[in-house]
Amino acid sequence: MKSVGVVGIIFLALIRASISNQWEFPDDFQFGTATSAYQVEGGWNADGKGVSVWDRLTQTPGFVTDGSNGTVACDSYHKWEEDVQMIKNLNTDYYRFSLSWTRIFPNGFANGINQPGVDYYNNLIDELIANGIEPIVTLFHWDTPDIFSALGGFYTPTFIDLFANYARTAFDLYGDRVKRWITFNEPKVLCQDYSEFMGMINEYYPNGIIEYLCSHHMIKAHVKAFRIYDLEFRLRQRGRVGITLNFEWSEPASDSPEDVVAAEQRRQFEFGLYANPVVYGNYPQIVIDRVAERSKLEGFPQSRLPKFSLLEQINNRGTYDFLGLNHYNSWLVKATEEVPIGKPSVQNDIGTSRHVDPGWEDTEWDGKVAPWGLRNSLIWLKKTYRDPEILITECGYPDKTGTLEDDRRISFLQQYLNATLQAIYEDKVNVKGFTAWSLMDNFEWGQGYTVKFGLYFVDFNSPDRTRTPKKSAEYFRSVIESRRV
Ligand code: GBH
């Protein structure tokens, strides 16, 4: 027992020693926290709000591990003033939150605006600004109006105009005060990982068809919203528009050329699928080629990957003022034999295999602590997309206990903030901010309230949803104050 303790202390000391305190965050580097509407607001049918897919799906037994839902969540629909005070206590520069589409348009369509819903965000935005906190607004963080399910959700191009109308309304309503917008949060998670989030019964369709349709329409909807901002708002409002993409780092499992190619192939399918059109106009060539090749062998007359016309490609190019990066996890990637032709699937198109090193430190959910993966992601973004401005829009540590003595979260933040500093000073990456996920414990989608990411603890058993700062809140505040990790 004793030697375990000693080893532990030496291990911690080594981690600390490897974190250099030599660097200060540059003056223009900013800090923030994030949440999303369905995860914190509650008030699911308050004051005329319409039903989102999450309001409905969480009623399905077995959909959420603990059978819970976001009907009340953190009750931020009523406790927004307290939320702002919590943010002020952390002393962050900005707060990233999302709008609930059905609070503004209860039936999803751009007629019949719901004034109390509009006012909720007016109040929140005004209160943030009055307290010196910049609002950064995500237009869409997964809570699709449920009515769209009947139309085919993201599988139909109809979605593009529906989203564009909603985006225009949001710019119009709030753009006098909101100067940074994020169109979509993690289209990959929605389209590729959790496609049931769309509220679609898709077991009849091979995912190798519909998941690309989903991505395609999301990219087009993003581009359309960006161009609307360009044409109708930019001159007057002088804000900036980006998109948030998630990136789990793929590291080659060995130096072999095959593994190096395999890792890059995975990055292009997982990140390039979204970023390449937005930066360069079209899908990555490796994605185009592989899906075309496999589609042909499967007997399709065209590639399963939809095409952007030349005009669309021109219109897609450069539709970002910054790239939002959500980063949580890393993998080792190996080359594999080509997957035999059978049922069309994105995973088969990606090929390759991935695993983690058993020596890596575990998080308390299913990820690993691998701060070098964040650094490598940032370096890769710089090199692959011509040195874009990057905002880390989410990064955080999950536990199951919600303990106030969250030393492991502190250690995680310290290591990932240090990786960010290395990327800034050693690799000259243009990364402009770090957003801790999350301001407070909240409804963690399929995991309900069993997984917690908050800097603040929320007591979900109290009708008041009492919030208490964890030790990590104090740590984050001290980083912001000293500008050192
Ligand atoms: C993001 O999802 C979402 O934008 C956000 O709403 C969500 O609450 C947050 O991340 C946390 O999940 O943390 O290393 O144990 C991204 C998908 C899937 C990322 C689960 C974190 C757990 C790996 N998430 N994953 S780890």
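Whatever order the structure lists them in is the order used to number ligands and atoms, beginning at 1. Values below: all heavy atoms of this structure, side chains included; hydrogens, waters and symmetry mates excluded.
- When the options Phe412, Trp365, Tyr397, Trp437 are ranked by their closest heavy atom to atom 25 (N) of ligand 1, first place goes to Trp365.
- Residue-ligand proximity, Asn326 to ligand 1, at heavy-atom distances under 4.0 Å covers atoms 4 (O).
- Between Lys368 and Asp362, at least one side-chain nitrogen of the basic residue sits less than 4.0 Å from a carboxylate oxygen of the acidic one, meeting the salt-bridge criterion.
- Counting atoms of ligand 1 from 1 in the listed order, those under 4.0 Å from a heavy atom of Trp142 are 2 (O), 3 (C).
- Considering backbone and side-chain N/O of His141, one or more are found under 3.5 Å from N/O of ligand 1.
- For Asp366, heavy-atom contacts with ligand 1 shorter than 4.0 Å involve the backbone as well as the side chain.
- The residues Asp146 and Arg56 are annotated as salt-bridged, a charged nitrogen and a carboxylate oxygen being separated by less than 4.0 angstrom.
- Shortest non-hydrogen contact noted between Asp441 and Gly454 is OD1-N, 2.8 Å.
- The aromatic rings of Trp80 and Tyr120 lie perpendicular to each other, with more than 60° between the two planes, well past the 30° mark.
- Note: Phe476 and Phe434 have tilted aromatic rings, judged against thresholds of 30 and 60 degrees for the angle between ring planes.
- Taking the six-membered ring for Trp and thresholds of 30 and 60 degrees, Trp101 and Phe148 have ring planes more than 60 degrees apart, a perpendicular arrangement.
- For the 3.5 Å distance criterion, the side chains of Glu389 and Tyr320 fail to qualify, holding no donor opposite an acceptor.
- Residues Glu270 and Arg354 are paired through a salt bridge, judged by an N-O separation under 4.0 Å between the basic side chain and the carboxylate.
- Taking any N or O of Asn442, backbone or side chain, none lies under 3.5 Å from an N or O belonging to ligand 1.
- For a threshold of 3.5 Å applied to N or O pairs, the pair formed by Tyr328 and ligand 1 contains at least one separation below that value.
- By the 4.0 Å heavy-atom criterion, Ser36 is excluded from the residues contacting ligand 1.
- Residue contacts with ligand 1: Gly367 is placed with a nitrogen or oxygen under 3.5 Å of a nitrogen or oxygen of the ligand (distance criterion only).
- Ligand 1 lies less than 4.0 angstrom from a heavy atom belonging to Trp445.
- Close approach of ligand 1 to Asn185 (heavy-atom distance below 4.0 Å) involves ligand atoms 4 (O).
- With a 4.0 Å heavy-atom cut-off, ligand 1 is reached by the side chain of Phe453 but not by its N, CA, C or O.
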